[in-house]
2 protein chains.
Amino acid sequence: MLPMERNLESINILRRAGLRSTPQRLAIVREVFSRHHPTVAEVYDALRREFPTIGLATVYNTLRTMTEKGLVHELPFVNATRFEVNLTPHANLVCTRCGEIEDSEVFEDGFLNEMRQRASAAAGFEPEGQRIDIYGLCRSCAEQTANKL
Amino acid sequence: MLPMERNLESINILRRAGLRSTPQRLAIVREVFSRHHPTVAEVYDALRREFPTIGLATVYNTLRTMTEKGLVHELPFVNATRFEVNLTPHANLVCTRCGEIEDSEVFEDGFLNEMRQRASAAAGFEPEGQRIDIYGLCRSCAEQTANKL
DNA sequence: TTTACTGCAAAGGGTTTGCATGAGG
DNA sequence: CCTCATGCAAACCCTTTGCAGTAAA
């Protein structure tokens with residue numbers, strides 16, 4: 001995507017959510033959606049080069065607002081709160097060694113629906129969304145571990 | 001389970017993990033395993049009647065140690081860090097209205113294994129464990145909502 | 001007797017809030 | 001113009017750490 005297109009898209013994202021398009025917000029939106037599971041600190045650090053005076057509170061406030069508007073989902077981890085940008089149903093493959101988080105789209109064929117239906121049938125629960133983390137070793141960490149044996 | 005049996009079980013749990021059995025720890029273990037997804041604050045508040053001088057740091061330290069020894073799992077939520085006591089594979093049904101968290105054992109027949117295998121096949125990932133939260137309305141909140149329509 | 005645990009207080013880190021200034025619609 | 005967003009600083013949790021006293025093994 002060209003920078004200009006991305007900028008227009010960011011404006012539309014904000015407008016649809018009923019938010020004003022300030023230069024800081026456009027940059028935050030661009031930065032958040034160009035990353036996989038960013039933290040506030042990561043977004044803040046990335047933007048300080050472009051906006052040396054940007055406040056950490058601005059990033060916090062904007063991400064809270066974006067969460068309230070449903071643009072992203074909050075994803076609390078043990079060491080940091082991350083933000084889920086990919087709102088299509090998927091699992092997060094979380095490497096317990098290097099910390100990498102990879103999206104896994106394993107639900108193409110109604111797999112997720114079956115899980116929801118089971119939960120629903122068993123407990124009278126009405127599912128709206130889900131968080132699925134699979135913890136283990138990513139490919140490269142698994143290979144490194146195997147080589148040491 | 002009778003109180004005496006529970007006490008003996010708590011001692012064994014601590015011993016197997018290589019931890020000393022102090023009166024405070026026995027009470028923490030009892031309290032943690034008698035709850036579903038306790039927070040540090042909930043355990044602390046429950047124990048202050050029995051141990052008026054117990055320190056909040058003691059509860060924090062003990063739960064951190066228990067996590068390191070694999071007795072419980074840390075489960076960060078947006079508003080609080082909870083602890084997973086049920087280490088058998090299951091989903092947490094999290095009510096977005098009242099906050100209730102219910103365990104759902106929907107994986108009796110290898111459902112979970114299939115999910116793991118898909119992740120593994122697609123990404124070369126070696127799964128070790130998982131966290132599955134399903135967000136929505138619990139039975140009673142769903143019924144209340146339906147009645148208002 | 002040695003080592004680990006407790007409890008208190010202080011420090012630390014992440015997140016929110018209050019307020020004056022400034023910019024968007 | 002009026003409202004909302006920014007940036008700074010202070011306040012606010014929640015959690016960890018340091019340390020002296022104490023109890024477990």
Side-chain angles (χ1 to χ4, degrees), chain A residues 7-8 10-32 37-45 47-69 71-83, chain B residues 7-8 10-32 37-45 47-69 71-83:
Chain A
N7 204 42
L8 288 173
S10 296
I11 291 174
N12 283 329
I13 288 173
L14 289 168
R15 187 161 297 163
R16 269 183 268 127
L19 303 177
R20 287 188 181 169
S21 292
T22 68
Q24 290 90 336
R25 282 193 172 171
L26 289 173
I28 292 171
V29 167
R30 163 173 49 75
E31 201 61 38
V32 165
H37 301 88
T39 64
V40 165
E42 286 167 4
V43 173
Y44 175 64
D45 289 342
L47 291 183
R48 287 216 288 180
R49 294 148 203 160
E50 191 175 343
F51 297 89
T53 66
I54 195 171
L56 184 53
T58 298
V59 183
Y60 272 105
N61 289 334
T62 301
L63 275 167
R64 179 155 39 80
T65 305
M66 287 173 69
T67 302
E68 288 164 4
K69 298 295 185 181
L71 298 179
V72 294
H73 290 165
E74 223 171 322
L75 214 54
F77 281 94
V78 171
N79 292 314
T81 295
R82 298 190 167 274
F83 289 87
Chain B
N7 204 41
L8 287 173
S10 296
I11 291 174
N12 283 330
I13 287 172
L14 289 169
R15 186 160 298 163
R16 268 184 270 126
L19 303 176
R20 287 187 181 172
S21 293
T22 68
Q24 292 90 335
R25 282 194 172 170
L26 289 173
I28 291 171
V29 167
R30 162 172 50 74
E31 202 61 38
V32 164
H37 301 88
T39 64
V40 164
E42 285 168 4
V43 173
Y44 176 65
D45 289 342
L47 292 183
R48 289 216 287 180
R49 295 147 201 160
E50 191 177 342
F51 296 90
T53 67
I54 196 172
L56 184 54
T58 298
V59 183
Y60 271 104
N61 289 334
T62 301
L63 274 167
R64 180 156 38 81
T65 304
M66 288 173 69
T67 302
E68 287 164 3
K69 297 294 185 181
L71 299 178
V72 295
H73 290 164
E74 223 171 323
L75 214 54
F77 281 95
V78 171
N79 292 313
T81 295
R82 298 190 168 274
F83 289 88

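Reminder, nothing fancy here: chain letters follow the sequence lines and each chain counts from 1.
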* In whole angstrom, what separates A:Arg48's CZ from D:dT6's C1'? -> 16 Å
* A:Phe83 side chain reached by A:Glu74 side chain, heavy atoms, under 4.5 Å -> yes
* Asked: Passes side chain to side chain donor-acceptor pair (under 3.5 Å), A:Asn61 versus A:Arg64? Steps please.
  -> CA-CA 5 Å; A:Asn61 289 334; A:Arg64 179 155 39 80; 2.9 Å; yes
* Asked: Taking only side-chain nitrogens and oxygens of A:Arg25, does any of them come within less than 4.0 Å of OP1 or OP2 of D:dT6?
  -> yes
* Would you kindly compare B:Gly18 and B:Thr53 by the position of their nearest DNA chain C nucleotide and give the one closer to the 5′ end? => B:Gly18
* Asked: What is the distance, rounded to the nearest whole Å, between atom CZ of B:Phe77 and atom C1' of D:dC14?
  -> 17 Å
* To the nearest Å, give me how far apart CE (B:Met66) and P (C:dA4) are. => 19 Å
* To do: Please name the pair of heavy atoms, one in B:Ala27 and one in B:Phe51, separated by the smallest distance, quoted to 0.1 Å.
  => CB-CE1, 3.5 Å
* With rounding to the nearest 0.5 Å, note down the distance linking CD in B:Glu68 to OG1 in B:Thr65. => 5.5 Å
* Report the nucleotide, chosen from C:dT16, C:dT15, C:dG7, that has the shortest atom-to-atom distance to any side-chain atom of B:Ile54. => C:dG7
* To do: Go through C:dG14, D:dT16, C:dT6 for me and flag the one nearest to the A:Tyr60 side chain.
  => C:dG14
* Asked: Roughly how many Å is it from CD in B:Glu68 to P in C:dA4, rounded to a whole number?
  -> 14 Å
* Most 5' of A:Asn61 and B:Leu56 on DNA chain D, judged by nearest nucleotide -> A:Asn61
* To do: Output yes when at least one side-chain N/O atom of B:Gln24 is less than 4.0 Å from OP1 or OP2 of C:dG7, else no.
  => yes
* What does nucleotides 19-25 of chain C look like as a protein-contact string, B for base, S for sugar-phosphate only, - for none, at under 4.0 angstrom between heavy atoms? -> ----BBS
* Asked: Please give, in whole Å, the distance from D:dC14 C1' to A:Asn79 CG?
  -> 14 Å
* Structure fact -> When rounded to whole Å, the CD to P distance for the pair A:Glu50 and D:dT6 reads 14 Å
* Asked: Given atom CZ of B:Phe51 and atom P of C:dC5, what is their separation to the nearest angstrom?
  -> 16 Å
* Could you give the CG-to-C1' distance, from B:Leu63 to D:dT17, as a whole number of Å? -> 17 Å
* What do the steps show when you test B:Leu26 against B:Asn7 for side chain to side chain contact (heavy atoms under 4.5 Å, CB included), and what is the final call? -> CA-CA 7 Å; B:Leu26 289 173; B:Asn7 204 41; 3.9 Å; yes
* About how many Å separate OG1 of B:Thr62 and CZ of B:Arg25, when rounded to the nearest 0.5 Å? -> 5.0 Å
* Report the C-alpha distance between B:Glu50 and B:Arg30 in whole Å, list the side-chain angles of each, state the deciding distance to 0.1 Å, and finish with yes or no for side chain to side chain contact (heavy atoms under 4.5 Å, CB included). => CA-CA 12 Å; B:Glu50 191 177 342; B:Arg30 162 172 50 74; 2.8 Å; yes
* Select base, sugar-phosphate, or nothing to describe what B:Thr58 touches, counting heavy atoms under 4.0 Å on all strands. => base
* Do the side-chain N or O atoms of A:Thr81 get closer than 4.0 angstrom to the phosphate oxygens (OP1, OP2) of C:dT15? -> yes
